[in-house]
Amino acid sequence: MTRPERAALLVERLPRLYPDAHCELVFADPLQLLVATILSAQCTDVQVNKITPALFAAYPTAADYAAANPLELESLVQSTGFFRNKAKNIRLAARDIVEKFGGDVPRTLGELVTLAGVGRKTANVVLGNAFGLEEGIVVDTHVTRLSTRLRLTTKKDAEKIESDLIRLIPRGKWTLFPHWLIAHGRRICTARNPKCTLCELADLCPGAGKI
């Protein structure tokens with residue numbers, strides 16, 4: 001089976017397995033999702049969701065983050081790890097949103113990646129899930145692991161993996177595809193001891209039973 005054939009079958013089968021897959025960060029607007037995604041680096045979505053209600057209430061606008069007392073902001077995000085750097089990036093990103101983008105989170109990949117703490121992954125999360133714009137595919141640890149096991153890519157670098165996936169996955173599925181893989185990675189295709197005998201995708205997976 002060729003990679004394009006395998007990818008086409010995955011796009012057909014995954015939404016049936018995980019019809020409710022979605023962004024698990026809780027947010028009400030693009031700014032909230034941007035902040036939550038910055039905080040999610042090396043932290044679980046569950047932990048981020050625990051602290052964001054108080055954070056979002058304290059800083060409802062980009063101007064509020066830009067003017068935040070660093071120590072107060074750090075105290076609110078401390079439990080997400082690397083909190084000083086994350087708080088600094090949030091303040092700097094918010095300052096640029098206010099000064100360069102009129103207080104609104106920008107809607108293009110090129111503009112988003114100019115913000116502190118924002119790379120392609122974070123930009124793709126915001127574009128796809130807050131704006132419904134598909135300029136790329138989010139590549140996190142789950143997507144990297146499953147894309148490799150399913151032989152959709154042999155690359156190690158996230159941007160090169162994304163390039164491979166973009167060639168295989170039809171636009172219109174770019175936002176949902178990583179959500180499907182993340183759901184499958186958490187339930188079945190875990191990093192250690194994947195449940196290959198229970199996997200509904202085993203017939204499509206060259207790595208099944210070999211890990």
Side-chain angles (χ1 to χ4, degrees), residues 22-53 55-56 58-70 72-74 76-144 147 155-163 165-166 171 174-179 181-182:
H22 63 282
C23 179
E24 295 191 4
L25 292 170
V26 177
F27 67 97
D29 57 49
L31 179 63
Q32 290 187 359
L33 181 56
L34 176 65
V35 170
T37 307
I38 291 172
L39 293 175
S40 71
Q42 297 181 285
C43 181
T44 66
D45 292 349
V46 171
Q47 182 58 35
V48 172
N49 290 337
K50 287 180 181 178
I51 66 103
T52 48
L55 181 69
F56 295 159
Y59 306 104
T61 69
D64 293 319
Y65 284 110
N69 178 289
E72 291 177 2
L73 182 55
E74 287 174 6
L76 285 171
V77 305
Q78 184 171 0
S79 65
T80 67
F82 304 97
F83 62 94
R84 291 189 180 88
N85 193 51
K86 290 179 181 180
K88 178 182 177 182
N89 284 337
I90 290 169
R91 287 190 296 107
L92 291 175
R95 184 191 66 187
D96 282 350
I97 289 171
V98 171
E99 295 179 357
K100 299 179 181 178
F101 303 107
D104 296 322
V105 175
R107 298 169 65 98
T108 71
L109 184 64
E111 291 172 328
L112 279 165
V113 296
T114 67
L115 301 176
V118 178
R120 285 188 64 90
K121 174 187 165 185
T122 296
N124 282 328
V125 169
V126 174
L127 289 170
N129 295 282
F131 293 121
L133 300 173
E134 298 190 306
E135 292 195 32
I137 295 176
V138 172
V139 176
D140 71 351
T141 55
H142 291 289
V143 174
T144 296
S147 296
K155 308 298 193 307
K156 304 297 182 183
D157 175 77
E159 290 193 21
K160 292 179 180 178
I161 293 170
E162 183 185 0
S163 295
L165 294 178
I166 282 173
R171 197 165 195 160
W174 288 0
T175 298
L176 282 171
F177 187 71
H179 294 320
L181 289 190
I182 290 166

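The figures that follow rest on heavy atoms only: side chains count, while hydrogens, waters and symmetry mates do not.
- Considering CG of L176 and NE2 of H179, their distance stands at 6.5 Å, rounded to 0.5 Å.
- Within the 4.5 Å cutoff, no side-chain heavy atoms of P178 are placed close to those of N124.
- L165 CG to L181 CG: the interatomic distance, rounded to the nearest 0.5 Å, is 7.5 Å.
- Side-chain contact between L55 and L73: present, with at least one pair of heavy atoms (C-beta onward) separated by less than 4.5 Å.
- Scanning both residues, I166 and G136, for their nearest heavy atoms gives CD1-CA, 4.2 Å.
- Contact check for L34 versus I97: side-chain heavy atoms found under the 4.5 Å cut-off.
- Here the CG-CH2 distance, from L127 to W174, works out to 11.5 Å after rounding to the nearest 0.5 Å.
- Side-chain contact check for I51 versus L76: every heavy-atom pair is 4.5 Å or farther apart.
- N89 places none of its side-chain heavy atoms less than 4.5 Å from the side chain of V118.
- Residues I90 and L39 have side chains in contact (heavy-atom distance under 4.5 Å, counting atoms from C-beta outward).
- Counting all heavy atoms, side chain and backbone alike, T37 lies closest to L25 at OG1-CD1, 3.7 Å.
- If you take OG1 on T144 and CG on D157, they are separated by 9.0 Å, rounding to the nearest 0.5 Å.
- Rounding to the nearest 0.5 angstrom, the gap separating the OG atom in S147 from the CZ atom in F177 is 5.5 Å.
- A donor-acceptor pair under 3.5 Å links the side-chain atoms of N49 to the main chain of V26, judged by distance alone.
- For the atom pair L112 CG and T114 OG1, the distance stands at 7.5 Å (nearest 0.5 Å).
- Shown here for A116 and I38, the closest heavy-atom pair between the two residues is O-CD1, 4.1 Å.
- D64 places a side-chain N or O within donor-acceptor distance of the main-chain N or O of T61, the cut-off being under 3.5 Å.
- Here the closest heavy-atom approach between residue A94 and residue A62 is recorded as CB-O, 3.3 Å.
- Using modelled atom types, one finds no donor on one side chain facing an acceptor on the other under 3.5 Å when comparing T52 with Q32.
- At a threshold of 4.5 Å between non-hydrogen side-chain atoms, the residues V105 and F131 count as touching.
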Output, in order, the C-alpha distance, side-chain angles, deciding distance and verdict of side chain to side chain contact (heavy atoms under 4.5 Å, CB included) for V35 and F56.
CA-CA 9 Å; V35 170; F56 295 159; 4.2 Å; yes
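- Residues C23 and L33 share a closest heavy-atom pair of SG-CD1, 4.1 Å.
- At a threshold of 4.5 Å between non-hydrogen side-chain atoms, the residues L115 and P106 count as touching.
- Under the 3.5 Å distance criterion, the side-chain polar atoms of K86 are left unmatched by any main-chain donor or acceptor of V77.
- Between A130 and P30, the closest heavy-atom pair is CB-CA, 3.8 Å.
- Defined by atom type and a distance below 3.5 Å, a donor-acceptor pair is present between the side-chain atoms of E111 and T108.
- Using modelled atom types, no side-chain atom of Q47 and backbone atom of T80 make a donor-acceptor pair closer than 3.5 Å.
- Residue pairs meeting the salt bridge (charged side-chain N to carboxylate O under 4.0 Å, His left out) criterion with at least one member in residues 122-143: none, sequence neighbours excluded.
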